[in-house]
**Student:** 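Supplied in structure tokens, the structure appears directly below.
Note that the structure is predicted; figures quoted are calculated from it, not measured. Hydrogens, waters and symmetry mates play no part in the numbers below; they use all other heavy atoms, side chains included. Counting starts at 1 for both ligands and their atoms, following the listed order.
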Amino acid sequence: MIAAVDIKITKIAQSKLSDVNLENIPFGKYFTDHMLEVDYENGQWGCVEIKPYQNISIAPSLAALHYGQAIFEGVKAYRNPSGEVQIFRPHDNFKRFNLSAERMQMPTVPEDIFMEGLKKLIQLDANWVPSQPDHSLYIRPFMFSTDEMIGVKPSDKYKFMIILSPTGPYYNTPMRIYVEEQYVRAVPGGVGYAKAAGNYGAAMHATAEAKKNGYDQVLWTDAFEHKYVQECGTMNVFFIIGNTVITPDLGAGTILAGVTRDSVMVVLKEMGFAVEERELSIDEIIQAHKDGLLKEVFGTGTAATISLIKELRYKDYVMEFDTDRWEFSNELKNRLNAIRYGTAPDNHFWMYKI
Ligand code: COI
């Protein structure tokens, strides 16, 4: 049981909901009526406030802008057929948030602030949770350093916030992926396992280069040999080879421990697959393709859920797939969605009622 936290709530005078069409809504463009904000100073967290969504004022010397102590999470809330709103595995995101905080030398956020804050905020903006298929409320907790000082050191002050965004699917169509061999996302000992804002900024150049050549995202490979696959764009990646599903393991600290990744492994096992978390080389993937054993390839993430990959290019070797004929990733998505949208039993206790 977590301790109750005092939250100061100031409600918006007039909801903006009627200005927004919740159907086919683009990812991350609209925000709900309220947000949560709390500051850390003198070694402790201050008053937790929920207030109307608004701009914040920052100094040009704000430490986060200069040295990148900034982390975030992605969580989703779903509406079930009875109209109730439930959040998918928020405790797992809470734990990962604090792992990211520790790696970036930031204070951890107490569980009561994170969980009670999330719950209260969503209760207040529950009308914003869409009910259309494949739609949900994307929850974005984040924290950044707020010292107004440009000396390089861990900041003494921080701000933790939560904002909410009703959203439709992140990727609408199967993706074309370029296997990256020049740039790297993560190295052992680095911050690859953390949801640090800089990981996403640092990936943008390679992704832009791939996009110039008609690809949607890159498949990151290891920094030393560009041989072992890591993540795909902002997602974890899965390969169905024969009757086994393989996803890169988390051992080297180069891969984000995705909450969707973990859930997908559970559901795949329930579907009868052997699931292996291990090093997977691009050579093994190509060999499986040549042998006709590479059946389906997909990425997983909170925002992306399960995104099919229709083309994978490594140097001049192109692997093309007819995703219309795939069955397993679609069944996986349906099974996971049924739990999230409350049409199948929640046997794993993944759904958190608000
Ligand atoms: C997520 O899946 O929540 C992500 O963080 C990916 C992206 C929107 C940054």
**Student:** Output the list of atoms in ligand 1 that are nearer than 4.0 Å to some heavy atom of Gly74, sorted by atom number.
**Tutor:**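 Every atom of ligand 1 under 4.0 Å from some heavy atom of Gly74: 3 (O).
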**Student:** Quick one: which ligand 1 atoms are inside 4.0 Å of a heavy atom on Ala303?
**Tutor:**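 Once the distances to Ala303 are compared, the set is 1 (C), 2 (O), 3 (O), 8 (C).
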**Student:** So, are Glu37 and Lys51 salt-bridged, with charged N and O less than 4.0 Å apart?
**Tutor:**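 A salt bridge links Glu37 with Lys51.
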**Student:** Inspect the contact between Glu279 and Lys227 and indicate whether a charged nitrogen and a carboxylate oxygen are less than 4.0 angstrom apart.
**Tutor:**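 Between Glu279 and Lys227 there is no salt bridge, as every charged N stays at least 4.0 Å from the carboxylate O atoms.
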**Student:** With atoms numbered from 1 as shown, which atoms in ligand 1 lie under 4.0 angstrom from a non-hydrogen atom of Tyr138?
**Tutor:**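 Checking each atom against Tyr138, I get 1 (C), 3 (O), 4 (C), 5 (O).
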**Student:** Identify the protein heavy atom lying closest to atom 9 (C) of ligand 1, giving its residue, its atom name and the separation to 0.1 Å.
**Tutor:**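 For atom 9 (C) of ligand 1, the nearest protein heavy atom is Tyr200 CE2, 3.7 Å.
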**Student:** Would Tyr170 count as being in polar contact with ligand 1, using the rule that some N or O on each side must be under 3.5 angstrom apart?
**Tutor:**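 No, since none of the N or O atoms of Tyr170 sits under 3.5 Å from an N or O of ligand 1.
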**Student:** Taking the basic N atoms (NZ, or NE/NH1/NH2) and the acidic carboxylate oxygens, is any pair closer than 4.0 Å for Arg261 and Glu231?
**Tutor:**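 So Arg261 does not pair with Glu231 through a salt bridge.
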**Student:** Of the non-hydrogen atoms in Ile309 and Gly299, which two are nearest, and what is the gap between them?
**Tutor:**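 Scanning both residues completely, I find the closest heavy atoms to be CD1-N, 4.2 Å.
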**Student:** With side chains defined as the heavy atoms from C-beta onward, is the minimum distance between Tyr67 and Ile150 less than 4.5 Å?
**Tutor:**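 In contact.
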**Student:** Using heavy atoms and a 4.0 Å limit, tell me yes or no: is Lys195 in contact with ligand 1?
**Tutor:**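 The answer is yes: ligand 1 sits under 4.0 Å from a heavy atom of Lys195.
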